[in-house]
Amino acid sequence: MPARGFTLIELVIVMAILGTLLSIAVPRYFHSVEHSKEAALKQDLSVMRDAIDKYYGDRGQYPDTLDELVTRHYLRKLPADPLTDSSDTWVPVAPPDTMLKGAVYDVKSGAPGQALDGSAYSEW
């Protein structure tokens, strides 16, 4: 009865096929993870900007801090920036007109780097 098993050539061929499949799948996986983080960032910015606008509409002035949106119940909690995994990296933008009261007119991401479309995260 002949010995059963795989030859070295068969194992090398299988490993080459697996390597080829992984080289196709892994970059797509990391691209989709980065894309989902960017989508979450856009959504978080939209929700916070909407809360800032509602705060201004109700109170006639902008909040002094982002935490004020939470204490006044415009947000349940300050979301974590999906790119930095921290809620401390948000960058508040002051009102362009000095006649407006408050310190938070807009909010930007403090994440370094560029998005998949080439724009800087800090410009969103």
- [ ] Evaluate the side-chain contact (heavy atoms from CB on, under 4.5 Å) criterion for residues Leu100 and Tyr56: first the C-alpha distance (whole Å), next the side-chain angles of each, then the deciding distance (0.1 Å), finally the verdict.
- [x] CA-CA 10 Å; Leu100 296 172; Tyr56 182 78; 3.7 Å; yes
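Counting non-hydrogen atoms of other residues, nucleotides and ligands closer than 6.0 Å to CG of Leu18 gives a total above 12.
Rounded to the nearest 0.5 angstrom, Asp67 CG and Ser87 OG are separated by 7.5 Å. Between atom CG of residue Asp44 and atom NZ of residue Lys42 there is a gap of 13.0 Å, rounded to the nearest 0.5 Å. Between the OG1 atom of Thr89 and the NZ atom of Lys108 there is a distance of 14.5 Å, given to the nearest 0.5 Å. Here CG of Asp85 is found 8.5 Å from CG of Leu83. Values are rounded to the nearest 0.5 Å. In this structure, NZ in Lys101 is found 13.5 Å from CZ in Arg59, a value given to the nearest 0.5 Å. The OG1 atom of Thr84 lies 9.5 Å from the NZ atom of Lys37; values are rounded to the nearest 0.5 Å.
Donor-acceptor pairing under 3.5 Å is lacking for the side chains of Glu68 and Tyr74. For Asp117 and Ser119, the side-chain atoms include at least one donor-acceptor pair closer than 3.5 Å.
Smallest separation of non-hydrogen atoms from Ala103 and Asp64: CB-O, 3.4 Å. When every heavy atom of Val70 is checked against every heavy atom of Leu78, the shortest pair comes out as CG2-N, 3.6 Å. Of all heavy-atom pairs spanning Ser86 and Asp88, the tightest one is OG-N, 3.1 Å. Contact record, Tyr55 with Gln61: CD2-O, 3.2 Å, taken as the closest heavy-atom pair. Contact detail for Val104 and Pro92: the closest heavy-atom pair is CG2-CB, 3.9 Å. The heavy-atom pair separating His31 from Leu116 by the smallest distance is CE1-CD1, 3.5 Å.
Taking the six-membered ring where the residue is Trp, Tyr62 and Tyr105 present perpendicular rings, their angle passing 60° and hence far from 30°.
Following chains of ILVMFWY side-chain contacts shorter than 4.5 Å, one cannot reach Val91 starting from Val47, and the two form parts of different hydrophobic clusters. Linking Ile, Leu, Val, Met, Phe, Trp and Tyr whenever their side-chain heavy atoms come within less than 4.5 Å leaves Val12 and Leu21 in two separate clusters. Linking Ile, Leu, Val, Met, Phe, Trp and Tyr residues whenever their side-chain heavy atoms come within less than 4.5 Å leaves Leu66 and Val93 in two separate clusters. There is a path of hydrophobic side-chain contacts, each under 4.5 Å, that joins Val107 to Trp124. If you chain together hydrophobic residues whose side chains sit under 4.5 Å apart, Leu22 and Val14 never meet in one group.
Residues Asp50 and Lys54 are paired through a salt bridge, judged by an N-O separation under 4.0 Å between the basic side chain and the carboxylate.
Under a 3.5 Å cut-off, the side chain of Glu10 and the backbone N or O of Thr7 do form a donor-acceptor pair.
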